[in-house]
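Order of the sequence lines sets the chain letters (A, B, ...), proteins ahead of strands, with each chain counted from 1. Remember, predicted model here, so these are calculated numbers, not experimental data.
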Protein chains: 2
Amino acid sequence: MSTNRSTSDLTAHLGYWLRYVSNHVSQAFARKVEAHGVTVAEWVLMRQLLDVDALPPSRLAERMGMTRGAITKLADRLLAKSLLTRKPDPVDGRAQTLALTAKGRRLVPELAALADANDSEFFDHLAPKDRAALVRILRDIVEKRGLKSLPVD
Amino acid sequence: MSTNRSTSDLTAHLGYWLRYVSNHVSQAFARKVEAHGVTVAEWVLMRQLLDVDALPPSRLAERMGMTRGAITKLADRLLAKSLLTRKPDPVDGRAQTLALTAKGRRLVPELAALADANDSEFFDHLAPKDRAALVRILRDIVEKRGLKSLPVD
DNA sequence: TATTGTTATACTCTATAACTATA
DNA sequence: TATAGTTATAGAGTATAACAATA
């Protein structure tokens with residue numbers, strides 16, 4: 001945005017609107033998944049594991065754009081809820097392997113349904129064209145700006 | 001999004017992309033303003049006060065979509081940095097009045113410049129049409145979904 | 001009684017840095 | 001030495017609920 005802009009014209013910042021809307025959408029989603037005993041961050045981690053069976057914390061950290069320490073903490077909580085398993089890698093003695101438990105795998109579709117519902121709540125009123133544009137533009141930013149690793153790829 | 005969607009098709013969630021991009025944009029902005037000793041939330045609060053001179057915590061809470069307690073905490077920090085003043089309302093003995101100090105008012109344009117720079121970094125590569133569409137769509141969601149009060153307006 | 005603001009408490013999210021075990 | 005992971009610590013960002021002062 002290299003357009004001329006007065007100091008007080010603050011709502012012109014795209015980052016501002018993005019944050020504002022995103023916070024509301026995420027908070028609404030958080031309230032929904034809370035009923036299932038998980039947080040949004042925990043859901044994102046679980047989701048990463050659905051397609052791949054198992055991943056080491058380091059790979060999850062890359063994918064989610066977080067530190068390994070943060071992953072450990074998230075994993076600890078999911079472990080305590082019996083949604084995740086943590087096993088030593090048989091090959092590399094330093095590495096660990098995180099995978100969903102059966103309970104975790106069962107929970108994912110339920111949470112996905114909540115994500116669907118949340119999306120509907122906030123985006124269904126948009127014209128299909130706008131909805132498509134929004135996804136396209138966001139993905140474009142991720143790609144072009146090289147945001148830390150693509151989430152699911 | 002009432003489109004048919006398989007459970008594993010997770011990146012189809014708009015809320016997901018929104019959160020992902022927004023988090024990156026905000027984190028980058030946070031690193032920039034940090035050099036000036038403030039956080040993003042503090043900046044948003046300061047910004048609210050630029051145009052209006054003074055507001056009670058309750059009004060700020062409405063505008064920012066936060067609780068009064070959260071505002072108190074933010075204000076405490078800005079007070080400690082001499083960027084804000086807190087004075088009892090002369091009319092209503094219960095009310096307080098928050099306003100920027102001269103130092104605070106001086107800081108706002110500097111932070112606004114950083115917001116500009118951050119926007120540029122993430123959105124300048126977009127086609128002008130897409131950039132406009134993004135703002136329009138986001139504002140539309142805020143309006144139509146009635147997200148807690150419009151931020152500045 | 002209702003409202004304004006503050007305080008107390010508690011979590012989540014996340015980072016940085018130190019540390020352990022292994023490679 | 002370098003890497004994988006964990007742990008310790010800390011602070012931001014919030015929320016809820018209890019409380020004090022005033023209306």
>> Quick check against the 3.5 Å criterion: does A:Thr101 have a side-chain atom that pairs as donor or acceptor with the backbone of A:Ser82?
In response: yes
> Between A:Arg86 and A:Asp76, is the closest basic N to carboxylate O distance under 4.0 Å?
Replying inline: yes
> What is the distance, rounded to the nearest whole Å, between atom CZ of A:Arg31 and atom P of C:dC11?
Replying inline: 19 Å
> For the residue pair B:Leu45 and B:Leu78, what are the closest heavy atoms and their distance?
Replying inline: CD2-CD1, 4.0 Å
>> Whole angstroms only, please: what is the CG-P distance between A:Leu74 and C:dC13?
In response: 6 Å
>> Considering every strand and a 4.0 Å limit on heavy-atom distances, what is the contact class for B:Ser58: base, sugar-phosphate, or nothing?
In response: sugar-phosphate
> Tell me, for nucleotides 17-23 of chain D in 5' to 3' order, what letter each nucleotide earns: B for a base near a protein heavy atom under 4.0 Å, S for only sugar-phosphate near one, - for neither?
Replying inline: ----BBS
>> Heavy atoms from C-beta onward define the side chain here; which of C:dG5, D:dG5, C:dC13 lies closest to that of A:Arg77?
In response: C:dC13
> The side chain of A:Arg19 lies closest to which of these nucleotides: D:dT6, D:dT14, C:dA15?
Replying inline: D:dT14
>> Measuring from the side chain of B:Ala95 (C-beta onward, heavy atoms only), which nucleotide among C:dG5, D:dG5, D:dT14 has the closest atom?
In response: C:dG5
> Can you list the steps and then say if B:Leu111 with B:Lys32 is a side-chain contact (heavy atoms from CB on, under 4.5 Å)?
Replying inline: CA-CA 9 Å; B:Leu111 300 177; B:Lys32 289 185 179 74; over 6 Å; no
> Rounded to whole angstroms, how far apart are CH2 on B:Trp43 and P on D:dG13?
Replying inline: 15 Å
> Are a donor atom and an acceptor atom from the side chains of B:Asp140 and A:His125 found within less than 3.5 Å of each other?
Replying inline: yes
> Base, sugar-phosphate, or nothing: which does A:Thr67 touch, judged by heavy atoms less than 4.0 Å apart?
Replying inline: base
>> Without decimals, in angstroms, what is the distance between A:Leu98 CG and D:dG5 P?
In response: 8 Å
> B:Lys81 NZ to D:dG11 P: how many Å, rounded?
Replying inline: 12 Å
>> Is it the case that the side chain of B:Asp89 and the backbone of B:Gln96 share a donor-acceptor pair, with hydrogens and angles ignored and the cut-off at 3.5 Å?
In response: no
>> Could you check whether B:Glu62 pairs with B:Arg68 (Lys NZ or Arg NE/NH1/NH2 to Asp/Glu carboxylate O, under 4.0 Å)?
In response: no
> Of B:Gln96 and A:Val40, whose nearest nucleotide on DNA chain C comes first from the 5' end?
Replying inline: B:Gln96
> Taking only N and O in the side chain of A:Thr39, is any of them less than 4.0 Å away from OP1 or OP2 of C:dC11?
Replying inline: no
> B:Glu62 has an atom CD; how far is it from atom C1' of C:dT3, in whole Å?
Replying inline: 12 Å
> Quick one: A:Gln27 CD to D:dT14 P, roughly how many Å, whole number?
Replying inline: 7 Å
>> Nearest heavy atom decides the nucleotide; on that basis, is B:Arg59 or B:Lys73 closer to the 5' end of DNA chain C?
In response: B:Arg59
